[in-house]
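Report on one structure; see the data block that follows.
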Amino acid sequence: MRTATLGPAQRAESLAGMAERELDVLVVGGGVVGAGTALDAVTRGLSTGLVEARDWASGTSSRSSKLIHGGLRYLEMLDFALVREALKERGLLLERLAPHLVKPVPFLYPLQRKGWERLYAGSGVALYDAMSMARAHGRGLPLHRHLTRRHALRVAPCLRKDALVGALQYYDAQVDDARYVATLVRTASSYGAKVANRARVTGFLREGERVVGARVQDVEGGGEYEVRAKQVVNATGVWTDDTQAMVGERGQFHVRASKGIHLVVPKDRINSSTGLILRTEKSVLFVIPWGRHWIIGTTDTDWNLDKAHPAASSADIDYLLDHVNSVLAVPLSRDDVQGVYAGLRPLLAGESDATSKLSREHTVAHPAPGLVVVAGGKYTTYRVMAKDAVDEAVHGLDMRVAECVTEDIPLLGAEGYRAMWNARARTAAETGIHVVRVEHLLNRYGSAAQEVLDLIAENPSLGAPLQAADDYLRAEVVYAASHEGARHLDDVLTRRTRISIETFDRGTLSAREAAELMAPVLGWDKDQIEREVEHYQKRVEAERESQRQPDDLTADAARLGAPDIVPL
């Protein structure tokens, strides 16, 4: 398998190639499900295209809780099939498909009542572990354990003594969600899929009642392409209903958007060696280790406003702070919050008004000949959703097609990762880069970290960290533009790296340095550098302003004060 490079030239070639001859499958939507569908289709031998209106993972798939988990709370809802399926996928990702990107993470569940709560919660966590082990995936994770209050406070000194009588500790996994999607896209491209971001579907091509392709607008270059395909897969998440409306067919189901917000605080604000999971009146609250930070989330509220830029209001932030402070010995304040992000879950609409009760299961439909729709689900089970979508599309192809093989297809960077990890001290000595930096690169790129190291070998100045975000090397910014499809400054600071939520300045102090590093790769002149920096600063200010507003309506209006995309 060749390593795909998603630079400007490759994007242009992909768009032209999609328009040249009919594809077997065209996937619309570059989130985790769309990218997974493209990988599934192309590894079955189908000619495949993938288009995304904005950046890879720019919607839901970059704004999750960043957990790969079975969904412990779904056991309480007796949804055993969903949990079993998700636990199998968790094991595959940890052990085979993406060990460089998906990592174990411990969680502590404080018990607040003696006796029955330990029995009840302990039985649930024991079943969770047993279901994981039964599929032979998950043996790499430690089993849960019961802790006394004294032991729990040693593990998590941040907790108030009166907030627990004991605790349970168990393991799940986490991932940088946006990085995972970018890696999925590159993997699909490596197997021959034609992929293009900033390529918006403006309508579908029809022959009678049959959908035979899509009109695709190059948002960057301004051209429009007619991409013909035997089957089109709509994998647009919370935009599913909008995409369906272009066909003129009434959908067989509807997708509702549920907003979840997250706070990012520095590691030293919460004194704990483990993540936390807390019950709320509506759902659960996670405190998740995230490098030198903690992620606190999430909320679960209906959202009917702008889907591209869901806004976190002051009330949302207060909700999370109030709930996490109810168990912390040293409360958090607004001043402790480094970053805030909001995302939308695509939930299958049901009869219940409460979004937290809507289905997290997915569905696949064939609403018109030539068109498949996949919606719902959760990040962890994206591969199953992709398989089901391609299985449905195959029914409309007049040819024999191989079965799904993605269970055995490691993502780019997985092969050779463990060998490179074992040799990290030697790599550090040979390159002159500190071993901690080498570990950072390996856990972001896997064995593809060698490509980043090659950039540094060619230009040693790229081995220095960004001045205002020293967790990241300058080479990573260049690599994002040359290899990972980043087209704009926002793509790099928000998704290829997490500088936008991991620094108190939200990335504004890194904006100019990053833009100047991207400029030679993307052909920007000084005016374009200025536009990129100005756009990013306006975006951050609009987000800050939205987070000062009292409710969704005013927060949404404030967030829309910044333009969406920088014109070239």
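Worth saying up front: this structure is predicted, and the values here are computed from it rather than measured.
Ring centers of His488 and Tyr536: at least 6.0 Å apart, outside the cut-off. Aromatic rings from Tyr417 and Tyr445 are positioned such that their centres are separated by 6.0 Å or more.
A donor-acceptor pair is defined here as one N or O able to donate and one able to accept, closer than 3.5 Å; such a pair exists between the side chain of Glu52 and the backbone of Gly30. Using a distance-only test at 3.5 Å, with no hydrogens or angles considered, a donor-acceptor pair links the side chain of Arg186 to the main chain of Ala4. Of the possible donor and acceptor atoms, none in the side chain of Lys307 sits under 3.5 Å from a partner among the backbone N and O of Trp303. Under the 3.5 Å distance criterion, the side-chain polar atoms of Tyr379 are left unmatched by any main-chain donor or acceptor of Lys66. No donor-acceptor pair closer than 3.5 Å links the side chain of His100 to the backbone N or O of Arg418. With hydrogens and angles ignored, the 3.5 Å screen pairs no side-chain donor or acceptor of Ser64 with any backbone N or O of Ser61. Checked by atom type and distance alone, the side chain of Gln10 pairs as donor or acceptor with a backbone atom of Gly7 at under 3.5 Å. A donor-acceptor contact shorter than 3.5 Å is absent between the side chain of Arg256 and the backbone of Asn304. In this structure a side-chain-to-backbone donor-acceptor pair under 3.5 Å is present from Ser62 to Ala57.
Counting non-hydrogen atoms of other residues, nucleotides and ligands closer than 6.0 Å to CD of Gln467 gives a total of 12 or fewer. Annotation: Arg200, atom CZ; neighbour count of heavy atoms from other residues, nucleotides and ligands within 6.0 Å does not exceed 12. Heavy-atom neighbours of Glu415 CD from other residues, nucleotides or ligands within 6.0 Å: at or below the threshold of 12.
We find the CG-CD distance between Leu442 and Gln450 to be 9.5 Å, quoted to the nearest 0.5 Å. Taken to the nearest 0.5 Å, the CZ atom of Arg383 stands 9.5 Å off from the CG atom of Asp388.
Ion pairing between a basic and an acidic side chain is recognised when a charged N comes within 4.0 Å of a carboxylate O; Arg512 and Glu530 show such pairing. Residues Asp24 and Lys230 are paired through a salt bridge, judged by an N-O separation under 4.0 Å between the basic side chain and the carboxylate. Between Asp552 and Arg559, no side-chain nitrogen of the basic residue sits less than 4.0 Å from a carboxylate oxygen of the acidic one, so the salt-bridge criterion is not met. Comment: Glu476 does not engage Arg496 in a salt bridge, judged by the lack of any side-chain N to carboxylate O separation of less than 4.0 angstrom. The existence of a salt bridge linking Lys538 and Glu532 is excluded, since no basic side-chain nitrogen approaches an acidic carboxylate oxygen closer than 4.0 Å. For Glu20 and Lys194, the salt-bridge test fails: no basic side-chain N is under 4.0 Å from an acidic carboxylate O. Salt-bridge check for Arg11 with Glu220: failed, with every basic side-chain N at 4.0 Å or more from each acidic carboxylate O. Salt-bridge formation is detected for the pair Arg495/Asp491: a Lys NZ or Arg NE/NH1/NH2 atom is positioned less than 4.0 Å from an Asp or Glu carboxylate oxygen. The pair Arg498-Asp176 counts as a salt bridge, with a side-chain nitrogen and a carboxylate oxygen less than 4.0 angstrom apart. With salt bridges taken as basic N to acidic carboxylate O contacts below 4.0 Å, none links Asp527 and Arg531.
In terms of heavy atoms, Val372 sits closest to Gln231 at CG2-OE1, 3.8 Å. Shown here for Ile261 and Ala342, the closest heavy-atom pair between the two residues is CG2-CB, 4.0 Å.
Scored by the salt bridge (charged side-chain N to carboxylate O under 4.0 Å, His left out) test, Arg539 finds Asp490, Glu543 as partners (sequence neighbours excluded).
Residues Arg63 and Pro310 form a side-chain contact, since some pair of their non-hydrogen atoms from C-beta on lies under 4.5 Å apart.
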